[in-house]
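The block underneath contains the structure these notes are about, expressed in structure tokens.
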Amino acid sequence: MKTQQKNAPGQENEERENGEQGRSWLKIPVEQEHYQPPRAGVILLQVLIGIFFFLVVIRFWYLQMHKGDFFARQAIENRMRQEYVLAPRGRILDLHDRILTDNRTTYGLFLIREDCLDLPATLAQISAWSQTPLAKIIEKYQQDRIKIKPYEPLLMVPDLNFDLVARIEAEIHAWPGLKIIVRTKRSYPERELFSHILGYVAEVNEQEMEKDPELAMGDLMGKQGLELKMEKRLRGSKGLYEVEVDAHARVMGRSMRDEPKGGRDLTLALDRDLQQACWDALQGEDGCVVVMEPDSGKVRALVTSPAYDNNLFAEGISHKDWEELRGNRSFPLQNRAIQSTYPPGSVWKLMMAALILESGISSRETVFCPGYAKLGKQIFRCWKHSGHGSLNLEQALIHSCDVYFYLMAEKLGIDRIESFAKSCGFGKPTGIDLPHERSGLVPSKKWKQKRFGRSWVRGDTFNVSIGQGSTLVTPVQMANYVCALLNGGKLLKPQLLEQAPREVVATLPCRPETLEFIKNAMHKTATVGTAKVVSRKDAEMGGKTGTAQVVKLRMAGNRRFKNKDMQKAMRDHAWIATWGKKNGKTYVVVVMVEHGGGGSSVAGPVAKKVYEHLFGPVGQPSF
């Protein structure tokens with residue numbers, strides 16, 4: 001039987017104290033009956049929770065209600081893509097509906113960035129297919145990628161030949177994001193013959209896209225000539241496909257939203273065969289020919305030589321070809337008929353004759369020409385060294401006497417000459433539908449002071465009177481003036497489009513009898529005077545020649561050096577302004593040959609060949 005041992009009272013007290021000290025951390029204070037805990041923390045928590053839910057509700061309302069339509073459109077756009085369908089440009093035809101500008105089918109290689117899995121490898125493959133340096137491919141990609149959306153096709157190679165298309169089609173399945181798209185390309189079958197009139201198209205640049213929101217990367221746009229001037233009419237409007245795709249960009253469906261509308265065809269007033277005849281008549285000389293109908297203002301031929309093949313630009317001109325064109329000293333890119341200005345020489349006397357008559361000076365008043373006119377110590381020579389003797393206005397026009405116009409100009413003064421010349425259409429553009437037309441120059445006192453800081457002198461007036469000095473005109477301006485002499489004094493806008501209406505720009509400040517006098521004087525000039533090279537027995541002809549100096553007279557003793565003895569760049573420009581009438585048809589033909597020499601000996605034969613095409617060989621009836 002076990003006996004229980006009892007601890008001493010002191011030991012029990014000690015153990016009780018040690019136990020209470022060990023459990024002191026478990027003691028929980030007991031609230032008193034009326035104790036109120038602090039509420040600031042609870043309130044703050046509740047406010048924060050309330051704000052959170054309020055923001056969630058506001059954000060939910062903003063996304064679902066306020067921006068709901070926007071995100072719905074975004075969702076649709078992610079599912080629906082838009083593909084533009086280029087419209088074919090309008091064709092350009094000649095007077096007899098012969099094609100001057102057409103479209104042909106071509107193939108372009110496009111990259112859709114969003115679908116491309118390995119961009120560096122894809123660009124390398126494009127380089128290998130097209131035989132284009134990879135650096136050039138990467139450069140094109142970097143330049144163009146920022147201008148279009150990721151799902152829009154980016155043109156990488158614009159013109160693939162058929163063999164390359166077949167090769168790419170056989171391998172393209174291994175390259176997601178690449179696509180061959182059929183496009184149209186501009187074609188100019190007549191090449192140099194119409195290049196300055198038609199111009200050319202090329203891919204749009206960033207500045208052009210900013211100006212015209214209808215344009216996009218890879219689009220073609222007119223850059224020169226009628227392609228530029230008539231861009232809106234020729235371009236048409238694009239069509240639009242809506243393409244449905246899945247999450248992997250696979251095409252699920254396609255529907256046409258807007259049909260493409262092709263550009264409008266243009267029928268020109270120009271005759272292709274006449275254009276060719278003018279080109280052949282120039283025989284490769286630097287110069288131009290303008291043929292117009294005086295009553296309608298229609299331009300029947302507008303030839304500039306040399307010219308360029310505008311297909312080079314339509315295909316994307318190479319650096320080599322561009323440098324050859326730019327470095328050519330004959331300036332084949334220059335449209336000499338409207339963009340080059342020349343001293344008109346003696347054809348300017350047609351305007352001076354009108355001014356003399358309208359100033360009240362009698363056409364019978366005579367001037368004696370000894371071959372020169374003295375002005376102080378200066379000597380102003382006539383082209384005929386021995387002089388013309390005594391002659392009146394009609395004789396001065398027929399024989400192109402310089403002295404007569406020197407002395408008459410001194411009577412009139414430069415202010416009257418300037419004002420009258422500008423009212424005859426000189427010194428401003430004609431308004432022909434071609435870009436970059438020059439205005440020419442009618443010099444004046446104010447112009448000389450501003451340009452050179454010097455005062456006008458009498459010798460300047462002498463020079464202007466015979467179309468020399470600083471006087472500059474374009475061949476189209478001169479042709480338009482001659483048209484006005486024949487049609488009753490109406491300055492017309494030269495029209496390149498056959499359907500364009502007759503448009504009167506201004507009226508010559510001339511009486512009918514003045515116009516008739518000049519017309520008759522031109523007829524006699526073509527019969528017995530300096531323009532008799534164009535004379536025909538089967539047609540009524542008129543003309544005025546001009547030989548415009550480009551450098552100061554070079555003398556060999558008392559005689560001037562002949563053009564054949566000068567370097568070509570120092571030779572005179574050869575002019576002839578003519579008109580011809582046969583079987584009820586009237587034409588104005590103006591020829592200008594740069595550094596050609598004499599007007600009657602160089603420009604005259606060119607005009608004669610043009611009339612042989614218009615009226616047939618001399619003596620042969622035309623229908």
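Both backbone and side-chain heavy atoms feed into the values below; hydrogens, waters and symmetry mates do not. As the structure is a prediction and not an experimental result, all values here were calculated from the model.
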To the nearest 0.5 Å, what is the distance between [atom1] on [X] and [atom2] on [Y]?
{"X": "Lys179", "Y": "Ile168", "atom1": "NZ", "atom2": "CD1", "result": "15.0 Å"}
{"X": "Thr184", "Y": "Arg104", "atom1": "OG1", "atom2": "CZ", "result": "10.5 Å"}
{"X": "Thr430", "Y": "Asn480", "atom1": "OG1", "atom2": "CG", "result": "6.0 Å"}
{"X": "Ser237", "Y": "Lys261", "atom1": "OG", "atom2": "NZ", "result": "5.5 Å"}
{"X": "Gln275", "Y": "Asp271", "atom1": "CD", "atom2": "CG", "result": "9.0 Å"}
{"X": "Leu164", "Y": "Glu169", "atom1": "CG", "atom2": "CD", "result": "10.5 Å"}

Would you list the atom pairs, donor with acceptor, under 3.5 Å between side chains in residues 603-612 and any protein atom, with sequence neighbours excluded?
unit_1	atom_1	unit_2	atom_2	d
Tyr611	OH	Thr578	OG1	2.8
Tyr611	OH	Trp579	N	3.4
Tyr611	OH	Gly580	N	3.3

Main-chain N/O of [Y] paired with [X] side-chain donor or acceptor, under 3.5 Å:
{"X": "Glu190", "Y": "Ser195", "value": "no"}
{"X": "Asp94", "Y": "Arg98", "value": "yes"}
{"X": "Glu192", "Y": "Pro306", "value": "no"}
{"X": "Asp265", "Y": "Arg91", "value": "yes"}
{"X": "Ser127", "Y": "Thr132", "value": "yes"}

Heavy-atom closest pair, residues [X] and [Y]:
{"X": "Pro120", "Y": "Asp118", "result": "CD-OD1, 3.3 Å"}
{"X": "Thr304", "Y": "Asn335", "result": "OG1-OD1, 3.0 Å"}
{"X": "Leu282", "Y": "Ser305", "result": "CD1-CB, 3.9 Å"}
{"X": "Ala479", "Y": "Met292", "result": "CB-SD, 3.9 Å"}
{"X": "Gly345", "Y": "Ala548", "result": "N-CB, 3.8 Å"}
{"X": "Asp572", "Y": "Gln549", "result": "OD1-CA, 3.4 Å"}

For [X], enumerate each residue passing the ring-ring contact (aromatic ring centres under 6.0 Å, His included) test, keeping only those at least two apart in sequence or located in another chain.
{"X": "Tyr342", "result": "His573"}
{"X": "Tyr308", "result": "His196, Phe313"}
{"X": "Trp447", "result": "Phe452"}

Report yes or no: do [X] and [Y] form a side-chain donor-acceptor pair below 3.5 Å?
{"X": "Gln276", "Y": "Asp280", "value": "yes"}
{"X": "Glu227", "Y": "Tyr188", "value": "yes"}
{"X": "Trp129", "Y": "Glu171", "value": "yes"}
{"X": "Asp163", "Y": "Asn161", "value": "no"}

Apply side-chain contact (heavy atoms from CB on, under 4.5 Å) to residues Val290 and Met478 and explain how you reach the verdict. CA-CA 9 Å; Val290 182; Met478 186 55 66; over 6 Å; no
Contacts of type side chain to side chain contact (heavy atoms under 4.5 Å, CB included), residue Glu498, not counting sequence neighbours: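 Expected list: Leu95, Thr267, Ala269, Lys298, Arg300.
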Leu496 vs Leu266, test: side-chain contact (heavy atoms from CB on, under 4.5 Å). Steps then yes/no. CA-CA 10 Å; Leu496 292 173; Leu266 297 180; over 6 Å; no
Given Lys185, which partner from the list Asp102, Thr105, Thr106, Asp159 fulfils the side-chain hydrogen bond (donor to acceptor under 3.5 Å, both in side chains) test?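 With Lys185 as partner, side-chain hydrogen bond (donor to acceptor under 3.5 Å, both in side chains) holds for just one option, Asp159.
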N/O donor to acceptor pairs below 3.5 angstrom from side-chain atoms of residues 212-219, sequence neighbours left out:
unit_1	atom_1	unit_2	atom_2	d
Asp212	OD1	Glu214	N	3.0
Asp212	OD2	Lys232	NZ	3.1
Asp212	OD2	Arg235	NH1	3.1
Asp212	OD2	Arg235	NH2	2.9
Glu214	OE1	Arg235	NH1	3.3
Asp219	OD2	Ala216	N	2.9
Asp219	OD2	Lys238	NZ	2.5

Given the rule in the salt bridge (Lys or Arg N to Asp or Glu O under 4.0 Å) test, do Asp295 and Lys585 qualify, once you have shown the distances and angles that lead to the verdict? CA-CA 10 Å; Asp295 292 329; Lys585 295 180 179 179; over 6 Å; no
Does any non-hydrogen side-chain atom of [Y] lie less than 4.5 Å from one of [X]?
{"X": "Ser130", "Y": "Leu109", "value": "no"}
{"X": "Leu123", "Y": "Met156", "value": "yes"}
{"X": "Val590", "Y": "Val347", "value": "no"}
{"X": "Leu325", "Y": "Ile317", "value": "yes"}
{"X": "His613", "Y": "Asp273", "value": "yes"}
{"X": "Leu234", "Y": "Arg186", "value": "yes"}
{"X": "Thr101", "Y": "Ser187", "value": "no"}
{"X": "Glu203", "Y": "Leu220", "value": "yes"}

Surrounding NE2 of His96 (heavy atoms of other residues, nucleotides or ligands, distance under 6.0 Å), is the total greater than 12?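 It does: His96 NE2 has more than 12 such atoms within range.
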Within a radius of less than 6.0 Å around CD of Gln207, do more than 12 heavy atoms belonging to other residues, nucleotides or ligands occur?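 Above 12, so yes.
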Stepwise, does the salt bridge (Lys or Arg N to Asp or Glu O under 4.0 Å) test hold for Arg89 with Glu231? CA-CA 9 Å; Arg89 288 178 73 87; Glu231 169 66 19; 3.1 Å; yes
Lys/Arg N to Asp/Glu carboxylate O, Glu293 vs Arg502, below 4.0 Å: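 Salt bridge between Glu293 and Arg502, a charged N being under 4.0 Å from a carboxylate O: no.
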Sidechain N-carboxylate O distance under 4.0 Å for Asp433, Lys493: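 Salt bridge: yes.
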Worked check of side chain to side chain donor-acceptor pair (under 3.5 Å) between Asn310 and Arg191: CA-CA 6 Å; Asn310 39 8; Arg191 298 179 179 272; over 6 Å; no
Please evaluate residues Glu323 and Arg326 with respect to the criterion salt bridge (Lys or Arg N to Asp or Glu O under 4.0 Å), reporting the C-alpha separation (whole Å), side-chain torsions for both, the decisive distance (0.1 Å), and the verdict. CA-CA 5 Å; Glu323 288 300 322; Arg326 196 177 67 155; 3.2 Å; yes
Test Leu302 against Leu434 for side-chain contact (heavy atoms from CB on, under 4.5 Å), laying out the working first. CA-CA 11 Å; Leu302 189 72; Leu434 288 173; 3.8 Å; yes
I would like to know whether Arg233 and Leu497 meet side-chain contact (heavy atoms from CB on, under 4.5 Å); could you show each step before the answer? CA-CA 13 Å; Arg233 296 176 64 176; Leu497 303 184; 3.5 Å; yes
